[in-house]
Amino acid sequence: MSEQKSDIPEVFLKPYNAADHEDTIYQKWEESGYFNPDVCIEKGVTTPDAEPFSIVLPPPNVTGTLHMGHASMLAIEDILVRYNRMRGKRTLWVPGTDSAALATQSKVEGIIYKQEKKRRDEIGREELLKRIDVFAEESKDTIIGQTKKMGSSLDWSRYAFTLDEKRYKAVMEAFIRMYNDGLIYRGARSVNWDPNMQTTVSDDEIEYVEQKDPFYYFQYGPFVIGTVRPETKFGDKYVVMHPDDERYKDYHHGQTLEIEWINGPITTTIIKDEAADPEVGTGVMTITPWHSAVDFEIAERHGLEREQVIDERGLLLPIAGEFAGQHIKKARPLIIEKMREQGLVVDIDENYMHKIATNSRGGGTIEPQIKEQWFINVNKEFTMGQSEVPGVHAGDQVTLKTLMIKAVENGGVSIFPDRFERVYYNWINNLHDWCISRQIWYGHRIPAWFKAGEVKVQIDSPGEGWQQDPDTLDTWFSSGLWTMSTLGWPDMTEDFKTYHPTTVLETGYDILFFWVARMILMSTYLTGQVPFKNAYLHGLVRDEKGKKMSKSLGNIIDPLDMIEKFGADATRLSLIVGAAPGNDMPLSEDKIRAYKKFANKLWNISRFTLTNLADADFSVTAELSPRDQEILDGLHATVAEVGADIDKFNLYLAAEKAYHYVWHELADKILEESKEVLNGADNEAKLARQTVLKECLTSSLKLLHPFMPFVTEVVWQELLEDMRDAEMLMVAKWPEKIDR
RNA sequence: GACCGGUUAGCUCAGCUGGUAGAGCGCAGCAUUGACAUUGCUGAGGUCACAAGUUCAAGUCUUGUACCGGUCACCA
């Protein structure tokens, strides 16, 4: 080893090993305080009047662990944040976690049942909540620690939890205002009831699962009707047909017939309604408004009676006669047996495929029920207050639906990729009133009080004898406030004034409806502002064959394993390159390994460059050759292109260009050809090239920093003092213009 | 059924406002002990799903067809 090489920091004498550096670097960043824009202003790396750039982190479940979906979200957002911070913007990225009410409560209930064989009513509300809190608090550190492992430059001083004090305040404010404006109402409507979890579930949380069941044809007076659910049919006393169906033109609306039915003779009434499709079966159906949303609507239209047949646990009620008290599953074959004896069974199709509604949050089969619940009315007109939403003015008559549409239509919110804008409109046009009350305990309790048929909506008890509604709010109600509540709303804090509307909301396209749409609804209504100017929707991370990662398939790639093996930088880059917004992306361990090689390549580029700069005297200015100038122009062009791609959210292109430049331009061409100059006799030419290489190295580090923050920062820390324009790379200036 | 994507090299995909095909991985050959255990160079491989249309010119625009995928709705 020569004299010169001993000047090189010892750290470079081994291949780059991410595990040796990442934790210490993250700690340094945290200690520096630069994740907090206020500190950046204080220390002079940002100015108080700089343009703000803000992102609010989609909060992961407090009891969850980091998966590749999170990892890709964190990588994308951190790139945007680091890049904009280096550009000198007042950059804020707010962290938080979500209670995931339903999922968390059922998880804890499960644990308790396993250990103590006790159900929720035996534990009691207060005790259960206490245990859930303990559980949530314990697991919180896991997800936060894992988030840090990815290198996320989140401002932890602004950490928020969906159920904490400040968020509670925002939720109460929102509920009460919506109630006072008549946008929240209580009503008995058809809801999705989960008999397992004993709660309602919103339309969006339902997952339809295909299943084969027998389809029965029954004689219903002169008609033949079909059903998969004979157990709901006891109370059917309306028979519906299309008004234009020629086959039934002799029957008229409102006509009554005496017929023989399961439990003896009944009176049935003819209803003519367009909901009956003449093409389906015989074109005639009976309805069960209590246990079907569609039937409920028909009953609403004609003011029909409705009767409950099945209770909340799935047991038949007295209307079922001899079957009362039995569970629907057990009763079905017995009911069929009886009907067969009565000669009511016309035919049975054993191979009928249909989709049944299940609770996607780990519950059971949905049983529609009519229940008294709280709803948000999305079609009610109200007068818009103060508005910054493009195309909507104070005093306009709007509905929540029109607000949601206009916010996007007029460019207040841009959705990337833009094809999702059409998906968004489509969803809004099919949107029904949103049921927001849940019969679970973990969540924000509804601020409504009952006494002798009276209802009052307020936070504190109105006094003696008033009972608070035991229900809690749908978790998406509070999530809908997230951009606002994390920035201090309903108080007009400095944070809210500075950072709201946020610049970007970045999340998976799978929660466009759950969350993105609801934030737009809440924010436009409550503040007259859009919640974010841009919605960037990323795709799902799949395995190398394009399959969804799942435990049962055993194809999960754990980001923490990958970080340990290949480093966070490699993991990040593997999730960015090739990941066009909105497209699913295949990921393999090989791909991550490839970017570990790249981190090492950069390491060696740095070592080579530093070795060859050790004897340079930069106080002397050397004349650049045309080739030197060409190299700098190439560098400049690359930096500009990468920046432009990030600005356009084309991170996959930006990352690829940066990668390609550093490896195949800087390393393969520039460094290779420089060897001759550096070892040559022409000292002037040598110094000129050294100056150029210094520029190439520092700019490349900056260029790559948003994508691979750790290795670039490690190298930066080893640079000589006069090569750096900042103590830390994370707050160094993005090389927008190279003055030469 | 409605809507939205996709179909380009063996694999995964890029190709912006139309100007005779690109990357990574893989494969084959050569070189290299080096800034690099994780390297470099060279090469093979494509009638861009199919058909018609617009155009001087079509992966690129239009229409239709086929297949694959997704989302939503519905089946009483």
Side-chain angles (χ1 to χ4, degrees), chain A residues 5 8 12-17 203-204 206 208 215-218 220 223-229 232-233 236 238-241 273 275-277 279-288 291-295 298 352-357 417-427 429-432 509-510 512-513 539-540 542 544-546 548 566 570 574 577-580 582-588 590-591 593-612 644-645 648 650 652-653 656-657 659-660 663-664 667-669 671-672 674-675 678 693:
Chain A
K5 282 197 175 173
I8 294 310
F12 284 114
L13 297 178
K14 300 182 289 186
Y16 178 65
N17 182 20
D203 292 348
D204 296 292
I206 285 179
Y208 290 91
F215 188 85
Y216 305 95
Y217 291 96
F218 297 139
Y220 187 82
F223 310 108
V224 172
I225 59 153
T227 186
V228 246
R229 305 203 54 199
T232 64
K233 293 287 155 197
D236 287 11
Y238 298 103
V239 57
V240 185
M241 57 206 69
D273 191 285
D277 183 350
E279 302 291 313
V280 177
T282 58
V284 176
M285 62 180 180
T286 60
I287 56 167
T288 315
H291 300 295
S292 155
V294 176
D295 294 359
I298 297 171
Y352 181 69
M353 290 300 292
H354 68 140
K355 285 176 195 158
I356 55 156
D418 58 9
R419 66 188 142 92
F420 283 102
E421 293 189 356
R422 270 161 291 170
V423 178
Y424 172 84
Y425 296 136
N426 197 29
W427 177 78
N429 291 329
N430 290 320
L431 190 61
H432 298 288
Y509 64 76
D510 53 329
L512 175 62
F513 306 141
L540 270 43
R542 294 170 176 273
E544 52 199 311
K545 294 188 192 97
K548 223 173 189 168
F566 307 117
S574 73
V577 178
N583 287 359
D584 289 354
M585 182 201 43
L587 180 71
S588 64
D590 281 345
K591 188 174 178 189
R593 187 178 294 115
Y595 292 110
K596 183 191 171 170
K597 289 187 193 175
F598 180 57
N600 193 57
K601 187 75 185 178
L602 179 65
W603 191 247
N604 281 297
I605 288 167
S606 306
R607 184 211 296 200
F608 175 83
T609 309
L610 291 177
T611 309
N612 284 288
D645 279 330
K648 285 185 281 186
N650 285 327
Y652 66 115
L653 294 179
E656 215 173 286
K657 278 176 190 162
Y659 171 93
H660 191 266
W663 198 320
H664 300 297
D668 291 352
K669 302 212 173 93
L671 293 191
E672 284 305 327
S674 294
K675 286 176 181 171
L678 293 167
L693 291 185

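Order of the sequence lines sets the chain letters (A, B, ...), proteins ahead of strands, with each chain counted from 1.
A gap of 33 Å separates the P atoms of B:G46 and B:U55, to the nearest Å. Straight-line distance between the C1' atoms of B:A28 and B:A21: roughly 22 Å, to the nearest whole Å. Rounded to the nearest Å, the gap between the C1' atom of B:G59 and that of B:C16 is 14 Å. Between B:A14 and B:U60, the distance separating the two P atoms is 16 Å to the nearest Å. Comparing B:A49 with B:G5, their C1' atoms are spaced 16 Å from each other, to the whole Å. When the P atom is used for both B:G18 and B:A23, the distance is 24 Å, rounded to whole Å. Separating the C1' atom of B:G26 from that of B:U20 is a span of 28 Å, rounded to the nearest Å. With C1' as the reference atom, B:U8 and B:G15 are 9 Å apart, rounded to whole Å.
In this structure, the nucleotide among B:A23, B:A35, B:U38 sitting nearest to the side chain of A:K597 is B:U38. Closest contact between the side chain of A:R419 and the listed nucleotides B:A35, B:G5, B:C72 involves B:G5. Of the listed nucleotides (B:A23, B:C4, B:C74), B:C74 has the atom at the smallest distance from the side chain of A:Y208. Distances were taken from every side-chain heavy atom of A:V294 (C-beta onward) to each of B:A14, B:C75, B:U38; the shortest belongs to B:C75. With distances taken from any side-chain atom of A:E656 to the nucleotides B:A23, B:C41, B:U38, the minimum falls on B:A23. Distance from the side chain of A:F513 is smallest to B:C72 among B:C72, B:A35, B:G24. Considering only the side chain of A:N600, B:U38 comes nearest among B:A14, B:A35, B:U38. Here the side chain of A:R422 is nearest to one of B:C72, B:C4, B:G24, namely B:C4.
A:A276 comes within 4.0 angstrom of a nucleotide base, judged by non-hydrogen atoms across all strands. Using a 4.0 Å heavy-atom cutoff across all strands shown, A:D584 reaches no nucleic acid atom at all. At the heavy-atom level, A:K675 lies under 4.0 Å from base atoms of the strands shown. A:F420 comes within 4.0 angstrom of no nucleic acid atom, judged by non-hydrogen atoms across all strands. When heavy atoms are screened at a 4.0 angstrom cut-off, A:D510 is found touching no nucleic acid atom at all. In this structure, A:I605 reaches the bases: a heavy-atom distance under 4.0 Å links it to at least one base atom across the strands shown. Counting non-hydrogen atoms under 4.0 angstrom, A:Y652 reaches the backbone sugars and phosphates but no base. Residue contacts shown for A:F215 are limited to sugar-phosphate atoms, with no base heavy atom under 4.0 Å away. Residue-level contact check: A:A594 touches neither bases nor backbone, having no heavy atom under 4.0 Å from any strand. Within 4.0 Å (heavy atoms only), A:T286 reaches sugar-phosphate atoms of the nucleic acid but no base atom.
Look at A:N583 and you'll find a side-chain N or O under 4.0 angstrom from OP1 or OP2 of B:A14. Using a 4.0 Å cut-off, some side-chain N or O of A:W663 falls inside it from OP1 or OP2 of B:G40. Under 4.0 angstrom from either OP1 or OP2 of B:U12 there lies no side-chain N or O belonging to A:R542.
We find that A:K675 and A:E672 are joined by a salt bridge, their nearest charged nitrogen and carboxylate oxygen being less than 4.0 Å apart.
Note that OG of A:S588 is 8.5 Å distant from CZ of A:R593, once rounded to the nearest 0.5 Å. Remark: A:I225 CD1 to A:K233 NZ distance equals 5.0 Å, nearest 0.5 Å.
Considering only residues two or more places apart in sequence or on other chains, A:N430 meets the side-chain contact (heavy atoms from CB on, under 4.5 Å) condition with A:N426. Not counting sequence neighbours, A:K601 has no partner by the salt bridge (Lys or Arg N to Asp or Glu O under 4.0 Å) test.
Figure legend. B:C48 is base-paired to no nucleotide; pairs are counted as Watson-Crick or G-U wobble with both atom distances under 3.5 Å. Across all strands shown, the partner of B:C3 is B:G70, judged by Watson-Crick or G-U wobble contacts whose two distances both fall under 3.5 Å. For B:U60, there is no paired base (Watson-Crick or G-U wobble, both distances below 3.5 Å). Partner assigned to B:C30 is B:G40, using Watson-Crick or G-U wobble distances below 3.5 angstrom. Pairing partner, B:C25: B:G10, with both Watson-Crick or wobble hydrogen-bond distances short of 3.5 Å.
Of the two residues near RNA chain B, A:V240 and A:K14, the one whose nearest nucleotide lies more 5' is A:K14. Between A:K233 and A:A599, it is A:A599 whose nearest contact on RNA chain B lies nearer the 5' terminus.
Glycosidic conformation, B:G59: syn, with the torsion inside 90° of 0.
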For A:D204 and A:W427, run side-chain contact (heavy atoms from CB on, under 4.5 Å): C-alpha distance rounded to whole Å, both residues' side-chain angles, the deciding distance at 0.1 Å, then the answer. CA-CA 10 Å; A:D204 296 292; A:W427 177 78; 3.2 Å; yes
